[in-house]
Amino acid sequence: MVSDLRRQGFTARSVSTGERALRVHGDADLVLFSLELPDIDGLELCRSLRSAGDTALIAVTAADNQLERVLVLNAGADDCVVKTWGFREVGARIEAVLRRTRPRQSLPAAISLRHLHIDPRLREVRLHDRLVGVTSKEFELLYALAATPEKVVTRKELMARVWGSNWGHTSRTIDTHVSSLRAKLGSSGWIITVRGVGYRMGYAWQIPETSAG
């Protein structure tokens, strides 16, 4: 499941025991945990995680059992998913829980670069009034670049802003997401690679309007 989540744009890591989850969960925005663990009862883990703070919690159960879902939700989980569900639905539920549990902060302003509109409130990207379907990380990456369209944003800055990581080594994660965004925007001209440094918004938003003669 970790590899599936990464393909959807999430930064994900796994641990094998409940005890380990209790030690490292503080760095996570959300904990996706199984109710069947080798060392700790899943419900007890859920209660411990909830008592430790407000980290979003989603339980994974092996069977679609109503009583089990009720028990884990009462223990403090934000949602419960079934292991047999498709990873796309699990990813959608993760994003839905994160939207509900993120602190209510004043959102950054919407950005319009000619025909490209990026709305943080709706988490929408529109190009020529057409909705462009992007993942959560693709949205954050595009917003980070569009916020300063004439400035190069370094790879290190992007890893910190979008993935919350201080990785010092080159990561293919950024390249993969940039490639996906270019395909969805229909042109490589929207995002330019600055070799050895990072990325910036490209010429597509600077092309002047043509007027009828």
Side-chain angles (χ1 to χ4, degrees), residues 1-13 27-30 86-99 102-103 105-211:
M1 183 172 286
V2 169
S3 59
D4 291 330
L5 293 173
R6 286 173 178 165
R7 280 196 291 271
Q8 292 187 74
F10 298 103
T11 300
R13 59 174 294 194
D27 294 331
D29 295 320
L30 180 144
F87 68 87
R88 292 186 184 279
E89 179 171 356
V90 174
R93 284 177 174 265
I94 289 173
E95 292 194 350
V97 166
L98 288 174
R99 285 196 298 271
R102 283 187 180 113
Q105 301 174 341
S106 56
L107 292 171
I111 296 175
S112 292
L113 300 177
R114 297 187 60 74
H115 300 298
L116 179 67
H117 303 283
I118 308 169
D119 188 336
R121 183 178 62 85
L122 299 175
R123 303 285 291 182
E124 283 186 354
V125 176
R126 289 184 175 273
L127 182 60
H128 296 286
D129 292 326
R130 177 182 61 86
L131 184 64
V132 180
V134 296
T135 67
S136 176
K137 293 303 182 187
E138 287 170 353
F139 180 92
E140 293 172 24
L141 174 59
L142 184 60
Y143 191 94
L145 294 172
T148 53
E150 296 180 346
K151 176 181 177 293
V152 177
V153 184
T154 68
R155 298 173 67 85
K156 186 174 181 180
E157 286 178 298
L158 288 172
M159 288 303 299
R161 291 188 203 175
V162 179
W163 283 273
S165 170
N166 292 318
W167 292 350
H169 62 276
T170 299
S171 170
R172 293 291 297 173
T173 300
I174 301 176
D175 301 331
T176 300
H177 283 75
V178 167
S179 177
S180 178
L181 277 172
R182 284 171 173 162
K184 290 178 179 181
L185 294 173
S187 169
S188 61
W190 282 106
I191 302 175
I192 298 297
T193 301
V194 181
R195 293 192 179 279
V197 183
Y199 296 91
R200 65 174 177 81
M201 294 302 290
Y203 59 81
W205 70 276
Q206 297 172 316
I207 297 174
E209 296 278 6
T210 58
S211 56

| 4.5 Å side-chain heavy-atom contact, H177 and T173 | yes
| request: Quick one: pull up CD1 in I94 and OG in S136 and give me the separation to the nearest 0.5 Å. | output: 10.5 Å
| said: For K184 versus V134, what's the shortest heavy-atom pair and its separation? | reply: NZ-CA, 3.8 Å
| task | Determine the minimum heavy-atom distance between E138 and S180, stating which atoms define it. | result | OE2-OG, 2.6 Å
| said: Would you compute the distance between atom CZ of R126 and atom CG of L116 and round it to the nearest 0.5 angstrom? | reply: 12.0 Å
| query | Given the rule in the side-chain contact (heavy atoms from CB on, under 4.5 Å) test, do L142 and M201 qualify, once you have shown the distances and angles that lead to the verdict? | reply | CA-CA 9 Å; L142 184 60; M201 294 302 290; 4.2 Å; yes
| message | How close do P120 and A109 get, counting heavy atoms only, and between which atoms? | response | CG-O, 3.6 Å
| remark: Rounding to 0.5 Å, atoms CD (E150) and CZ (R200) come to a distance of 9.0 Å
| task | Report the distance from atom CG of L181 to atom CD1 of I191, rounding to the nearest 0.5 Å. | result | 4.5 Å
| field | Sequence-distant partners of E95, salt bridge (charged side-chain N to carboxylate O under 4.0 Å, His left out), two or more places apart | value | none
| Partner set under salt bridge (charged side-chain N to carboxylate O under 4.0 Å, His left out) for D119, not counting sequence neighbours | none
| field | Minimum heavy-atom distance E140-V162, with the two atoms named | value | OE1-O, 3.4 Å
| query | So, for R161 and A144, which heavy atoms are closest and what is the spacing to 0.1 Å? | reply | NH1-O, 3.6 Å
| remark: Scanning both residues in full, the closest heavy-atom pair of A146 with I118 reads CB-CD1, 3.5 Å
| said: Please determine whether the number of non-hydrogen atoms from other residues, nucleotides or ligands lying under 6.0 Å from atom CG of D29 exceeds 12. | reply: no
| request: Hey, could you give me each pair passing ring-ring contact (aromatic ring centres under 6.0 Å, His included) that has a residue in residues 118-138? Not counting sequence neighbours. | output: H115-H128
| said: Just so I know, are the side chains of L141 and Y199 near enough to count as touching, which here means a heavy-atom distance under 4.5 Å? | reply: no
| request: Would you indicate whether the side-chain heavy atoms of L30 and F10 approach each other to under 4.5 Å? | output: no
| query | Rounded to the nearest 0.5 Å, how far does CD1 of I174 lie from NZ of K137? | reply | 12.0 Å
| Test item: Y143 and I111 side chains (from C-beta on) under 4.5 Å apart, heavy atoms | yes
| request: Compare all side-chain heavy atoms of E124 with those of F139 and state whether any distance is below 4.5 angstrom. | output: no
| query | Is the backbone of T154 close enough, under 3.5 Å, to the side chain of E157 for a donor and an acceptor to pair up by distance? | reply | yes
| task | Take R182 and T193, measure what side-chain hydrogen bond (donor to acceptor under 3.5 Å, both in side chains) needs, and give me the verdict at the end. | result | CA-CA 11 Å; R182 284 171 173 162; T193 301; 2.9 Å; yes
| field | S179-R172 side chain donor-acceptor pair, cut-off 3.5 Å | value | no
